[in-house]
Novice: 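My structure is below; once you've seen it, I'll send some questions.
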Amino acid sequence: MKVDLIVANAKVYTVDDNFTIQESFAVKDGKFLEVGSTKEIQEKYSSEKVFDAKGQVVFPGFIDAHCHFYGYGIDLLQYATLDGSANQDVICEILKEQQQKAGDGWILGRGWDQNLWPEKSFPDNKKLDELFPDVPVYLVRVDGHAAWCNSKALSLAGIDANTKVDGGDIIIKNGKPTGILVDNAMQLVFNRIPSPTNGLKTKALLEAQKNCFAVGLTSVTDCGLPKETILLIDSLQKQGTLQMPLNVMMDPSQENMEYFLSKGPYITERLQVRSIKLYADGALGSRGAYLIDDYSDQPGNRGILMNPESYFDDICKKAYNAGYQVAVHCIGDGANRFILNIYGKYLKGKNDLRWRIEHAQAIHPDDIALFGKYAVVPSVQATHATSDMLWADERLGEKRIKTAYAYQQLLAQNGWIPNGTDFPIEDICPVKTFYAAVCRKNIEGIPAEGFQMENALTREQALRSITLWAAKAGFEEKTKGSIEAGKSADFVVLDTDLMQCSDTEILKSKVNTTVLKGIVVYGQF
């Protein structure tokens with residue numbers, strides 16, 4: 001039988017129910033037709049395209065269960081990269097370069113983290129005002145839950161010492177705003193930044209796609225988009241311009257709710273919209289994560305609950321009635337408890353609605369079982385654990401840290417756990433997610449013994465979490481996520497066997513080829 005592609009003499013991790021390792025498969029019309037030994041496949045099928053893998057390792061295409069695909073693309077085009085900056089002076093030098101690109105427009109940046117600086121405290125806008133007195137500056141913290149702005153940006157947004165924001169915080173010192181805005185307060189300035197044109201949005205999406213294919217990603221979940229961006233993605237996919245399949249969570253705007261919910265889930269060959277993304281709290285690094293008890297390193301502060309219970313309850317009710325999945329960002333143990341209890345009102349017990357809690361970072365020991373009781377999906381990002389571990393215990397204290405980033409405990413609740421990167425907050429590479437999940441170390445190999453290794457995932461669990469379980473979190477496990485007959489022919493060829501190599505070799509691994517629906521989208525055979 002003639003087929004479009006045969007891959008032979010490979011080491012194929014199928015990630016099927018039995019975690020079978022095979023040698024070969026045939027692809028026809030963008031789907032896996034049959035998987036087996038090289039002898040079996042070559043006896044039954046022929047093709048003008050035969051890839052002799054010569055023992056190379058093949059995995060299902062990697063799936064990112066939680067990222068910001070469009071936002072990452074926009075950041076590449078419009079925002080200065082501040083990640084890893086050791087102090088404010090380094091950032092100021094980067095911003096001077098960014099001003100050359102921005103001209104008289106806004107100076108935008110992303111990735112600063114005061115925890116990496118000698119003083120480890122939030123900055124003020126003194127230096128920004130000295131350097132950029134007449135141009136607005138808006139710099140997003142690494143976690144996306146705080147912004148550092150100059151006075152020009154604050155004045156454009158009408159922010160002064162008396163401005164109040166529900167679900168957010170404007171940091172005041174000596175009777176004046178310091179320029180630090182936390183959570184909902186960020187929107188006051190962000191809303192003043194000129195919106196990108198459709199041309200820039202299209203370029204951003206294609207840049208994001210190119211970089212995703214290069215690291216082996218063949219499907220992503222974009223967590224929270226407005227209607228106009230979702231419809232642009234749909235049109236670009238239908239034109240064939242944008243190949244990347246996307247599971248898009250929509251923002252809970254009235255426009256989105258009215259447009260999508262009345263129609264039910266929207267599903268095409270490359271796009272599905274069936275989820276609503278909400279934020280219960282902020283982030284641990286900016287002390288906006290909502291805790292049951294005070295922060296260990298800041299008595300009197302329990303963080304921020306971003307909206308009242310009635311807000312979440314109303315959206316959950318509408319989603320439940322419309323057959324939509326709900327996904328809520330929850331970092332602190334207070335936020336997780338709060339949302340799990342609201343979910344319980346609607347889910348009542350075991351179900352297959354797959355309502356999700358994104359991040360599920362700090363959980364009170366009494367609440368872990370609620371994930372199993374209501375079949376709630378803990379959607380985690382393993383690199384968050386290794387990014388936060390050097391200071392998270394300062395925020396949470398010795399007792400609470402024990403049930404933070406508790407992936408094995410969460411996995412035990414439903415028997416599966418999806419994993420993502422949350423890029424651009426973390427690195428886009430899914431292999432780094434795999435490494436963090438298994439080794440519980442940062443890329444410098446710290447700590448040598450691993451962080452809270454009782455909650456490390458096994459290699460098999462980690463691979464499932466970035467393939468089949470990531471697909472399952474978006475109701476797509478029957479069409480992608482493993483190398484099995486009838487599924488989309490999405491796979492990646494690596495130069496390293498992630499299941500057998502040493503810890504350091506995981507990080508050195510390279511993607512040779514990425515294939516989407518049977519078509520090479522990165523590298524070559």
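Start at 1 with the first residue, then count along the sequence. Every heavy atom of this structure was used, including side-chain atoms; hydrogens, water molecules and symmetry mates were not.
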Novice: So do Ile342 and Glu309 actually touch side chain to side chain, heavy atoms under 4.5 Å?
Specialist: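 Counting from C-beta outward, Glu309 and Ile342 do come under 4.5 Å.
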
Novice: Would you compute the distance between atom OH of Tyr346 and atom CH2 of Trp355 and round it to the nearest 0.5 angstrom?
Specialist: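 Taking OH in Tyr346 and CH2 in Trp355, the distance rounds to 7.0 Å.
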
Novice: Would you sort out whether Ser219 and Lys480 count as a side-chain hydrogen bond (donor to acceptor under 3.5 Å, both in side chains), showing the intermediate values?
Specialist: CA-CA 9 Å; Ser219 189; Lys480 62 177 68 168; 2.9 Å; yes

Novice: Kindly say whether Leu128 contributes a backbone atom to a donor-acceptor pair with the side chain of Asn125 at under 3.5 angstrom?
Specialist: no

Novice: Please confirm whether the backbone N or O of Asp89 pairs with a side-chain atom of Glu93, one donor and one acceptor, at under 3.5 Å?
Specialist: no

Novice: Are side-chain heavy atoms of Tyr405 and Met389 found at a separation under 4.5 Å?
Specialist: no

Novice: What pair of heavy atoms forms the shortest contact from Gly144 to Met186, and how long is it?
Specialist: O-CE, 3.5 Å

Novice: For Tyr320, does the OH atom have more than 12 heavy-atom neighbours from other residues, nucleotides or ligands under 6.0 Å away?
Specialist: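 Incorrect, the count does not exceed 12.
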
Novice: I'd like to check Ile428 versus Cys212 (side-chain heavy atoms, cut-off strictly below 4.5 Å). Are they in contact?
Specialist: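 Heavy-atom side-chain distance check passes, below 4.5 Å.
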
Novice: Step through the shown structure and confirm whether more than 12 heavy atoms of other residues, nucleotides or ligands are within 6.0 Å of NZ on Lys263.
Specialist: yes

Novice: Got a salt bridge between Lys127 and Glu130, using NZ or NE/NH1/NH2 to carboxylate O under 4.0 Å?
Specialist: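 Not counted as a salt bridge, because no side-chain N and carboxylate O are separated by less than 4.0 Å.
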
Novice: If you take all heavy atoms of Ile466 and Asn419, which pair is closest and at what distance?
Specialist: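 Of all heavy-atom pairs spanning Ile466 and Asn419, the closest is CG2-CB, 3.9 Å.
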
Novice: Would you call Lys277 and Glu358 a salt bridge, taking side-chain N to carboxylate O under 4.0 Å as the test?
Specialist: no

Novice: Answer with yes or no after comparing the ring centroid distance for Tyr72 and Phe423 against a 6.0 Å cut-off, counting only values under it.
Specialist: yes

Novice: Quick one: does Thr514's side chain have a donor or acceptor within less than 3.5 Å of a partner on Ala214's backbone?
Specialist: no

Novice: Any ion pair linking Lys126 and Asp124 (charged N to carboxylate O, less than 4.0 Å)?
Specialist: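 Not counted as a salt bridge, because no side-chain N and carboxylate O are separated by less than 4.0 Å.
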
Novice: Would you call Asp234 and Arg270 a salt bridge, taking side-chain N to carboxylate O under 4.0 Å as the test?
Specialist: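 No, this pair does not count.
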
Novice: Can you tell me how far the CG atom of Asn256 sits from the CD1 atom of Ile276, to the nearest 0.5 Å?
Specialist: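 Nearest 0.5 Å value for the CG-CD1 distance: 9.0 Å.
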
Novice: Rounded to the nearest 0.5 Å, what separates atom CD in Glu207 from atom CZ in Phe69?
Specialist: 10.5 Å

Novice: So which heavy atom on Lys173 is nearest to which on Thr178, and how close?
Specialist: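 In this case the closest contact between Lys173 and Thr178 is CB-CG2, 3.5 Å.
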
Novice: Under the salt bridge (charged side-chain N to carboxylate O under 4.0 Å, His left out) test against Arg395, which residue among Asp388, Asp333, Asp297 passes?
Specialist: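 Of the listed residues Asp388, Asp333, Asp297, the salt bridge (charged side-chain N to carboxylate O under 4.0 Å, His left out) partner of Arg395 is Asp297.
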
Novice: Do NZ/NE/NH1/NH2 and the carboxylate oxygens of Asp113 and Arg141 come within less than 4.0 Å?
Specialist: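 Yes, this pair counts.
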
Novice: Any side-chain donor-acceptor pair under 3.5 Å between Asp129 and Ser151?
Specialist: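 Side-chain D/A pair, Asp129 to Ser151: present.
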
Novice: Going by atom types alone, do Arg400 and Ser296 pair a side-chain donor with an acceptor below 3.5 Å?
Specialist: yes

Novice: When the ring planes of Tyr138 and Trp106 are compared, do they come out parallel, tilted or perpendicular, using 30° and 60° as the limits?
Specialist: perpendicular

Novice: Any sub-3.5 Å donor-acceptor pair from Gln209's side-chain atoms to Gln243's backbone N or O?
Specialist: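 Confirmed, Gln209 side chain pairs with Gln243 backbone.
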
Novice: Can you check whether His329 and His145 have ring centres sitting under 6.0 Å from each other?
Specialist: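 Yes; His145 has its ring centre under 6.0 Å from that of His329.
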
Novice: Taking side chain as C-beta onward, heavy atoms only, is Leu181 less than 4.5 Å from Leu188?
Specialist: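 Side chain of Leu181 against side chain of Leu188, heavy atoms only: no contact under 4.5 Å found.
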
Novice: Going from CE on Met244 to CG on Leu206, what distance comes out if it is rounded to the nearest 0.5 angstrom?
Specialist: 11.0 Å

Novice: I want to check something: taking the side chain as every heavy atom from C-beta on, are Met249 and Leu225 in contact at a cut-off of under 4.5 Å?
Specialist: no

Novice: Mind checking the CD1-CZ spacing from Ile230 to Phe260? Nearest 0.5 Å is all I need.
Specialist: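 Going from the CD1 atom of Ile230 to the CZ atom of Phe260 covers 4.0 Å.
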
Novice: Using a 3.5 Å distance criterion without hydrogens, assess whether the side chain of Tyr435 forms a donor-acceptor pair with backbone atoms of Asn442.
Specialist: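 Flag set: sc Tyr435 to bb Asn442 pair under 3.5 Å.
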
Novice: We want to know whether Asp183 and Tyr279 form a side-chain donor-acceptor pair, criterion being a heavy-atom distance below 3.5 angstrom.
Specialist: no

Novice: Step by step, work out the side-chain hydrogen bond (donor to acceptor under 3.5 Å, both in side chains) result for Ser387 and Glu426.
Specialist: CA-CA 8 Å; Ser387 291; Glu426 300 281 2; 2.9 Å; yes

Novice: Where the side chain of Asn307 meets the backbone of Gly167, is there a donor-acceptor pair that is under 3.5 Å apart?
Specialist: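 Not at all, since once roles are kept as given, no pair shorter than 3.5 Å links the two residues.
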
Novice: So, does Asn150 use its side chain to make a donor-acceptor pair with the main chain of Phe132 at under 3.5 Å?
Specialist: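 Yes; at least one donor-acceptor contact below 3.5 Å.
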
Novice: Heavy atoms only: give me the nearest Leu217-Asp64 pair and the separation to one decimal.
Specialist: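 Closest heavy-atom pair between Leu217 and Asp64: CD2-N, 3.6 Å.
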
Novice: Taking all non-hydrogen atoms of both residues into account, name the closest pair between Asn247 and Glu476 and its distance.
Specialist: CB-OE1, 4.2 Å

Novice: Before giving the answer on side-chain hydrogen bond (donor to acceptor under 3.5 Å, both in side chains), spell out for His68 and Asp422 the whole-Å C-alpha distance, their side-chain angles and the decisive distance to 0.1 Å.
Specialist: CA-CA 6 Å; His68 301 276; Asp422 204 7; 3.0 Å; yes

Novice: Using side-chain heavy atoms (C-beta onward) and a distance below 4.5 Å, is Pro123 in contact with Trp112?
Specialist: yes

Novice: As a quick check of understanding, evaluate ring-ring contact (aromatic ring centres under 6.0 Å, His included) for Phe62 and Phe434, giving each step before the final call.
Specialist: CA-CA 10 Å; Phe62 299 134; Phe434 178 92; 8.3 Å; no

Novice: Within the structure provided, determine whether Asn341 and Leu370 are in side-chain contact (heavy-atom separation under 4.5 Å).
Specialist: yes

Novice: Does Arg274 make a cation-pi contact with Phe475 (under 6.0 Å, within 45 degrees of the axis)?
Specialist: yes

Novice: Please find the pair of heavy atoms, one from Ile331 and one from Ala289, that lie closest to each other, and give the distance.
Specialist: CG2-CB, 3.6 Å

Novice: Okay, side chain of Asp293, backbone of Arg302: is any donor-acceptor separation there less than 3.5 Å?
Specialist: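 Between the backbone of Arg302 and the side chain of Asp293 there is no qualifying donor-acceptor contact (under 3.5 Å).
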
Novice: Does the side chain of Thr421 come under 3.5 Å of the side chain of Gln381 through a donor N or O and an acceptor N or O?
Specialist: no

Novice: When you check the gap from the basic side-chain N to the acidic O, do Asp313 and Lys317 get nearer than 4.0 Å?
Specialist: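 Salt bridge flag = no for Lys317 with Asp313.
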
Novice: Would you say Leu271 and Val248 make side-chain contact, with heavy atoms under 4.5 Å?
Specialist: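 The answer is yes, as the side chains (C-beta and beyond) meet within the 4.5 Å cut-off.
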
Novice: Give, for atom CD of Gln361 and atom CG of Asp281, the distance between the pair rounded to the nearest 0.5 Å.
Specialist: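 Answer rounded to 0.5 Å: 9.0 Å.
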
Novice: Taking atom CG of Asp160 as the centre, report whether more than 12 heavy atoms of other residues, nucleotides or ligands fall under 6.0 Å from it.
Specialist: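 Correct, the count exceeds 12.
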
